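Side chains are part of it too, since the values below use all heavy atoms of this structure and drop only hydrogens, waters and symmetry mates. Atoms within a ligand are numbered from 1 in the order they appear, just like the ligands themselves. Every value quoted in this text rests on a predicted model; they were computed, and no experiment measured them.
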Amino acid sequence: MQEDLKTIRDLELKGRATFIRVDFNVPLDTDQDPITVTDTNRIEEAIPTIRYAMDQGAKVVLASHLGRPKGNRNPKFSLQPVAAELARILQKDVPLTDECVGDGIEMMVKSMKEGELLLLENLRFYKEETENNEHFCNQLARLTDVYINDAFGTSHRKHASTYGLPSLMSKKGVGFLIEKEIRYLDPLLHSPAKPFYTILGGAKVSDKIKSIESLLRHVDGILVGGAMAYAFYEAQGRELPEGAKKPAPEDVIAAKSILQYTKKREIEVLLPVDTVDSFDIGPKSIEVFQKKLQNAKTIFWNGPLGWFEKPEYAKATRAIAQFLSQIEAVKIVGGGDSVAAIRSMGLGEKFDHLSTGGGAVLEYLEKGKLPGIEILKQKPSQRTQPYLVPEEVD
Ligand code: ADP
Ligand code: MG
């Protein structure tokens with residue numbers, strides 16, 4: 001673990017009101033009445049941290065955003081369906097508040113007993129959340145004594161709940177989910193077991209170029225599939241397969257710059273040798289990729305190898321995922337669609353780590369840090385108002 005970063009295990013929680021920023025930004029079926037959660041994965045992933053805090057005797061205040069209500073109190077984005085799921089999983093009452101700040105909430109938190117839970121309503125019902133509004137941060141800071149961030153996927157944002165609030169707190173750290181993200185992602189940037197291969201797919205190279213460049217410092221080779229491969233074809237002056245969409249100029253420029261770097265450093269770049277209707281990499285390419293990957297000690301995979309949402313073009317993504325399931329290597333997947341693809345194939349358990357962050361994982365790989373984690377290492381700036389329950393502060 002990073003030296004100056006505390007984890008939830010390092011903090012005394014007993015009897016303390018503890019704010020846990022979780023990622024409950026789950027997909028919903030809004031046509032149902034009541035609205036239901038269609039994928040509970042994010043809720044389940046937050047459970048170990050929540051359970052631990054409850055078992056330690058904390059008064060647990062959970063907070064998350066959900067969707068983009070843009071500062072409006074839109075009932076479609078209420079965390080009510082999440083509260084229901086949480087109550088089901090934990091077999092415990094999960095009261096949902098109407099507000100996130102103010103006297104009413106402060107009194108509610110004050111009257112909580114050890115091991116009890118409270119879920120604040122959607123943080124983004126307040127425009128102050130994304131604005132990182134100072135007054136709002138101060139109001140949030142009045143609620144609890146301890147701050148835990150376990151929302152990796154939003155840790156690249158400087159929002160009130162991920163940045164302004166923890167900047168005011170002194171007792172703070174990460175939960176188990178972020179701890180695991182760091183444990184698996186850090187070595188990719190510093191000391192991956194070698195050989196280390198990166199599989200790249202999906203659509204846009206230019207969106208990902210900075211994180212690719214930083215991975216290139218340690219990789220022995222990159223294997224490129226998906227629509228991204230065509231930017232590399234074009235960069236090499238090769239003809240595109242029939243039906244392939246012409247890559248955007250900025251993607252070709254990004255591919256050129258990666259090819260230059262890899263040539264200089266003698267890093268191998270494997271491109272597909274055949275495709276299926278240009279929407280998936282073909283059987284020969286799958287074979288070539290598997291051959292290369294069989295001796296790998298570390299593999300980082302970002303981006304599906306084809307248009308996997310269509311079963312006829314999911315073959316390569318599935319074949320490579322199945323192949324990786326069987327080899328001995330540290331296997332890490334980052335990227336919203338790649339993780340969804342592997343989960344939908346039922347292969348999630350076979351990987352060492354499926355990152356919970358999309359944009360966050362790319363930024364972490366690019367910079368080696370995220371604002372929402374860095375702020376947990378810093379001493380607090382002055383609180384304008386003291387924490388509400390002074391008798392509980394040591
Ligand atoms: P991630 O979310 O894992 O970072 P991206 O968002 O970059 O991945 O890309 C995922 C999308 O790219 C998926 O919707 C997938 O269908 C699409 N895709 C991948 N390869 C192709 C292809 N050859 N043709 C069309 N779409 C593709
Ligand atoms: Mg995506």
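Proximity of S278 to ligand 1 is established by a heavy-atom distance of less than 4.0 Å. Contact analysis puts G306 in contact with ligand 1, with a non-hydrogen atom separation below 4.0 angstrom.
Remark: H156 NE2 to E366 CD distance equals 11.5 Å, nearest 0.5 Å.
Atoms of ligand 1 found under 4.0 Å from any heavy atom of D337, numbered from 1 in the order shown, are 1 (P), 2 (O), 3 (O), 5 (P), 6 (O), 8 (O), 10 (C). Close approach of ligand 1 to G226 (heavy-atom distance below 4.0 Å) involves ligand atoms 20 (N), 23 (N). Counting the atoms of ligand 1 from 1 in the order shown, those under 4.0 Å from a heavy atom of N302 are 4 (O). In summary, the atoms of ligand 1 found under 4.0 Å from a heavy atom of A203, numbered by their order in the structure, are 7 (O), 9 (O), 12 (O). Residue contact check: G303 has heavy atoms under 4.0 Å from atoms 3 (O), 8 (O) of ligand 1.
For atom 14 (O) of ligand 1, the nearest protein heavy atom (residue, atom name, distance) is E309 OE2, 2.6 Å. The nearest protein atom to atom 26 (N) of ligand 1, hydrogens excluded, is given as W307 CB, 4.0 Å; this is a heavy-atom distance. For atom 3 (O) of ligand 1, the closest non-hydrogen atom on the protein side is S338 OG, 2.3 Å. Nearest to atom 12 (O) of ligand 1 among the protein's heavy atoms is G202 CA, 3.7 Å. Looking only at heavy atoms of the protein, atom 24 (N) of ligand 1 is closest to F279 CD2, 3.6 Å. Among protein heavy atoms, the minimum distance from atom 21 (C) of ligand 1 is reached at A227 N, 3.5 Å. From the protein, the heavy atom lying nearest to atom 4 (O) of ligand 1 is K208 NZ, 3.1 Å.
When atom types are taken as modelled, the side chain of Y230 and the backbone of S278 share a donor-acceptor pair closer than 3.5 angstrom. Checking side-chain atoms of T298 against main-chain N and O of A193 turns up a donor-acceptor pair under 3.5 Å. For D337 (side chain) and G303 (main-chain N/O), no donor-acceptor pair under 3.5 Å exists by modelled atom type.
Of the heavy atoms in T275, none comes closer than 4.0 Å to ligand 1.
A donor-acceptor pair shorter than 3.5 Å can be found between the side chains of E121 and S78. Judged by distance alone, the side chains of H65 and R21 do bring a donor and an acceptor atom under 3.5 Å apart.
Around CZ of R73, the count of heavy atoms belonging to other residues, nucleotides or ligands within 6.0 Å exceeds 12.
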**side-chain contact (heavy atoms from CB on, under 4.5 Å) between N302 and T198, worked out** = CA-CA 8 Å; N302 171 276; T198 291; over 6 Å; no
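In this structure the side chain of P283 reaches within 4.5 angstrom of the side chain of D274, judged on heavy atoms. Inter-residue side-chain proximity for R9 and Y52 is flagged as met; some heavy-atom pair is nearer than 4.5 Å.
Looking only at N/O/S atoms, D337 comes nearest to the Mg ion (ligand 2) through OD2.
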